[in-house]
Amino acid sequence: MLSPSKRWRKEQPLHSLTSCVRRVLCSRRHSLWILLVLVLVCIAFQTFVARQARNDKGNEVPQLHFTVNKPQSFSLDSILGNFWSNSAETVSPGLSSSLHSEKEADSHLQNEDFATTPNRFSTKRSYKSTVSKFRHFSSSKFLPSSSIPGKCKEKTHIVFLKTHKTASSTILNILYRFGESRNLTFALPLNKNSQLFYPFYFAPHFVEGVTSHRISEFHIMCNHMRFRKSEVAKVMPRDTFYFSILRNPVSMMESIFIYYKSIPAFHGKRTLDDFFNSSKTHYNASLVNNHYAHNILAFDFGLNNSATFDSPDLEKQVSDAIFAIERDFGLVLISEYFEESMVLLRRSLCWSLEDVASFKLNSRSDRTRRKLSPETADKIKKWNALDWRIYLHFNATFWQKLDTVIGRQQLEEEVSELRALQAELAGVCLKDGGAVEPSKIKDAGLKPFQYGAAVIQGYNLNADMDNRTREMCERLILPELQYTERVFVRQFPEKAPWHKQALNTGQAWPRAKRRFTHLKMPQSALSQHNKPTAP
Ligand SMILES: Nc1ncnc2c1ncn2[C@@H]1O[C@H](COP(=O)(O)OS(=O)(=O)O)[C@@H](OP(=O)(O)O)[C@H]1O
């Protein structure tokens, strides 16, 4: 008895191509051959795909081909040397590329006037291809970034502890642009505040949408807060990446002294020396907002900020603080090495270099900077002994990490690529190529918030841009308060009925720009009773 398939084969005449194929298919021996051929095809295909992937990995950093004459040839020494001075010519060849020691950190301070502003670069519009690439990545079309293919997955669950006067507004802008372009959800301060009820310890109900369960998953938390890991972890997903940034406490305190002029500790003090001459007798830690004047880094990290150089338990406080920060944060960046920090950040997050390109935001005009004598710098370090030691420690580990993760050669290349990209963007976006005094900012909606005795600079946009380029440029220079409101309105349109209607007609932002009433300020409205207790 023949099997049905054999019978069928036998019954079919062999006169057409189709019947021939049928016969081949039905013969067991031929089926084996076909299977073999298919396996071979599969292996060949796999090999091809693997080779392609290997090629892609080799190009993990998008290769940007620039045609413009670079400001100078970029060696690591020159890059880092430039960091110390405004002019490339004054770079000292022997300058160490990192601040491993107290002495080196000091030498950096002498040259604090480093410039990372875009106007250091050529403003010729000749990087067109890169800019269009940048625009593509930064557009609101939720396009994927050119992250490192095959190696890692772009991180989108992020907490950034926004410390004070550390270039944190520039990083905030980077995070806002990244999140917006991918439609991510931000853990924003309740009721359109600009801060997560700083200086109180963070609590989940400070976040809009938490109590109402309006948001099921938060991606990014990045507004000022006083950090408390256990509470933040209640809001953010388990795989969240935590990072923050530190600045040399000496230049940081100089900046804070000018900006937070009205806090009780600084009130009536003409200079920081005046403050130090009276601080021993007059500094009152229990007065609202006086924490800005003392170990503010430790305070922001949620730690006890009361130590000075002569505290008997300083060493223990230092090691406890370092332990806590290392336990809770995957990465600690250094403001003085902003571009290097961005290279390390983008590696840690598996983002593209375009994702971390920025303009320097929230910078003071030179009119409101004060040069400090070495004696004053020394007083600051002693007064803020805890911050100073934290800074020294994380500056050292920052460079160790760079060496391990990237290596100096690759770092040098990425830093110069990033600078070139930023220079190109400045050429395309910025009128005059760089920051201007607030009085010279034409569009009131792009003016940064002014506070204390500081004069905070902003930018004017070039006039001749198409809409898409203008939108990209506007987001790069949008100050913190304006951007926070913009993100809030997009995320909670129902909280701003006038916005809801306007969003539909594309008119929301111009209207939002005109109404900035809430302040990014030390919350002087807080009563004494509400003052957070010392940890
Ligand atoms: N890219 C980059 N590189 C280096 N330094 C930078 C950068 N962006 C901002 N800044 C400087 O950071 C200071 C403002 O810090 P913040 O934005 O954290 O201030 S705030 O606490 O949010 O008000 C402010 O310092 P001062 O100018 O000394 O006040 C800015 O000039």
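For ligands, and for the atoms within them, numbers begin at 1 and follow the listed sequence.
Residues that satisfy the side chain to side chain contact (heavy atoms under 4.5 Å, CB included) test with Asp328, not counting sequence neighbours, are Phe227, Lys229. Judged as a salt bridge (charged side-chain N to carboxylate O under 4.0 Å, His left out), and not counting sequence neighbours, Glu326 has no contacts.
Closest of all the heavy-atom pairs between Ile390 and Ala321 is CD1-CB, 3.9 Å. The heavy-atom pair separating Pro199 from Arg226 by the smallest distance is O-CD, 3.6 Å.
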Take Asn305 and Ile296, measure what side chain to side chain contact (heavy atoms under 4.5 Å, CB included) needs, and give me the verdict at the end. CA-CA 7 Å; Asn305 66 322; Ile296 173 84; over 6 Å; no
Do Asn384 and His294 pass the side-chain hydrogen bond (donor to acceptor under 3.5 Å, both in side chains) test, and can you show the C-alpha distance, the side-chain angles, and the key distance before you say yes or no? CA-CA 6 Å; Asn384 296 303; His294 198 198; 4.7 Å; no
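Residue contacts with ligand 1, taken as heavy atom pairs separated by less than 4.0 Å, involve Arg369 solely via side-chain atoms from C-beta onward.
Of the candidates Thr368, Ile258, Asn362, it is Asn362 that places a heavy atom closest to atom 19 (O) of ligand 1. Nearest to atom 4 (C) of ligand 1 by heavy atom, out of Ser341, Pro448, Ser335, is Ser335. Between Phe359, Phe338, Tyr198, it is Phe338 that holds the heavy atom closest to atom 1 (N) of ligand 1. The closest non-hydrogen atom to atom 25 (O) of ligand 1, taken over Arg247, Lys360, Arg364, comes from Arg247.
The CH2 atom of Trp351 sits 7.5 Å away from atom CD of Glu154, with the distance rounded to the nearest 0.5 Å.
Distances below 4.0 Å separate heavy atoms of Glu480 from the following atoms of ligand 1: 22 (O). Atoms of ligand 1 lying under 4.0 Å from at least one heavy atom of Ser255, given by number and element, are 26 (P), 28 (O), 29 (O). Residue contact check: Ser363 has heavy atoms under 4.0 Å from atoms 27 (O), 30 (C), 31 (O) of ligand 1. Close approach to Thr163 involves these atoms of ligand 1, each under 4.0 Å from a residue heavy atom: 18 (O). With ligand atoms numbered from 1 in the order given, ligand 1 contributes 8 (N), 9 (C) to contacts under 4.0 Å with heavy atoms of Leu361.
If you run side-chain contact (heavy atoms from CB on, under 4.5 Å) between Leu411 and each of Val405, Val343, Asp403, only Val343 comes through. Each of Glu412, Arg408, Glu414 was checked for a side-chain hydrogen bond (donor to acceptor under 3.5 Å, both in side chains) with Gln410, and the lone residue meeting it is Glu414.
In this structure, the ring of Phe398 has its center no less than 6.0 angstrom from the ring center of Phe394.
The shortest N or O to N or O distance between His164 and ligand 1 is not below 3.5 Å. Remark: ligand 1 and Ser169 share an N or O pair separated by less than 3.5 Å (distance only, no angle test). Looking at Tyr260 next to ligand 1, no N or O pair under 3.5 Å apart turns up.
Ligand 1 lies less than 4.0 angstrom from a heavy atom belonging to His224. Distances from ligand 1 to the non-hydrogen atoms of Glu339 include no value under 4.0 Å.
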